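Order of appearance sets the numbers: ligands from 1, and atoms from 1 within every ligand. All figures in this text were calculated on a predicted structure; none of them were measured in a lab.
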Amino acid sequence: MNYQPTVQLESISKEFTAGENSFLALDDVSVTIHPGEMVAIMGPSGSGKSTLMTLIGLLDTPSSGSYYLDGENVSVLSRLEQARVRNRKLGFVFQNFNLLPRLTAQKNVELPLVYGRVPGRDRAQRSREALEAVGLGSKINNLPTTLSGGQKQRVAIARALVHNPSMILADEPTGALDTRTGAEIMHLFRELNREQGRTIVIVTHDPEIGRHMDRVIGLRDGRLAENILHEYYGVDVYNAVDPDPVRAAAD
Ligand SMILES: Nc1ncnc2c1ncn2[C@@H]1O[C@H](COP(=O)(O)OP(=O)(O)O)[C@@H](O)[C@H]1O
Ligand SMILES: [Mg+2]
């Protein structure tokens, strides 16, 4: 089979309109993400990071441009077809965990399988395995209120993994965590990337996190900004030739 990038966005724009006003949140953005890559989307607040993540996650549609996911032109699909692709291929992690407070860790993790109509017994087994994979095998019956922030985010990551998505999308996953816990969560993402080959896209404005990614996609005012690390964060510039320039610069 021919090689297919995981994500190929071609000249994507996203305009928000409210009454007479319109705002161009993304302006002619083209991005390719390869299978097995771990990349960050970085840029100042309001630069369009979450908007870009929402489009990659098929949670919203661009105003113009095309999107190929695993080689399939998903921009021409109906919203229902897009939702099916999303449920099959993508896993999401959010800053504030988005766990349901009345459900145990295991029941939270099972949710994507409920939507995917997986039978109950398989759901229980797969959700336990996913929790074990993130180091929470001993907490499967805990309610979210009895877990630390880092543990809650691990549950959310297990939930993102449980239906075996090809790509995980995380918007500021360490934003609500202290530095050390954030570093542990980043370590977990890297492990999932290396050991399970997951493609991972992380929105962050933390340069510490950017340093540990394969590549950084920089945004400023809705446009690609290759030099964003240097200009905005004062760390070294991403160089497309070096497979791991950010870490190399940090060493
Ligand atoms: N639903 C929306 N309606 C109108 N404007 C929006 C909407 N979502 C985002 N924006 C605007 O688009 C810009 C980019 O937002 P966002 O992608 O959330 O930025 P970031 O995640 O980089 O902080 C901001 O100026 C924001 O106000
Ligand atoms: Mg955001």
Between N193 and T199, is there a donor-acceptor pair closer than 3.5 Å when you use the side chain of the first and the backbone of the second? no

CA sep, side-chain torsions, deciding dist, call: D60, K14, salt bridge (charged side-chain N to carboxylate O under 4.0 Å, His left out): CA-CA 10 Å; D60 200 356; K14 179 67 181 179; 3.3 Å; yes

Counting from 1 in the order shown, the ligand 1 atoms closer than 4.0 Å to a non-hydrogen atom of P44 are 22 (O)

Is the shortest side-chain N to carboxylate O distance from E184 to R180 below 4.0 Å? yes

Around atom 26 (C) of ligand 1, find the nearest protein heavy atom and jot down its residue, atom name and distance. F23 CE2, 4.6 Å

Tell me, which protein residue and heavy-atom name are nearest atom 15 (O) of ligand 1, and how many Å apart are they? T51 OG1, 3.8 Å

Students should be able to answer this: which protein heavy-atom is nearest to atom 2 (C) of ligand 1, and at what distance? F16 CD2, 3.4 Å

Can you check which of S50, G43, G46 brings a heavy atom nearest to atom 18 (O) of ligand 1? S50

Assess, by modelled atom type and distance only, whether the side chains of S50 and D171 contain a donor and an acceptor separated by less than 3.5 Å. yes

Keeping the roles fixed (side chain from K107, backbone from L100), state whether a donor-acceptor pair exists under 3.5 Å. no

Taking backbone and side chain together, does S50 place any N/O/S atom at a distance below 2.8 Å from the Mg ion (ligand 2)? yes

Within ligand 1, which atoms have a heavy atom of A25 less than 4.0 Å away? 12 (O)

Hey, does L58 have a side-chain heavy atom less than 4.5 Å from the side chain of V74? yes

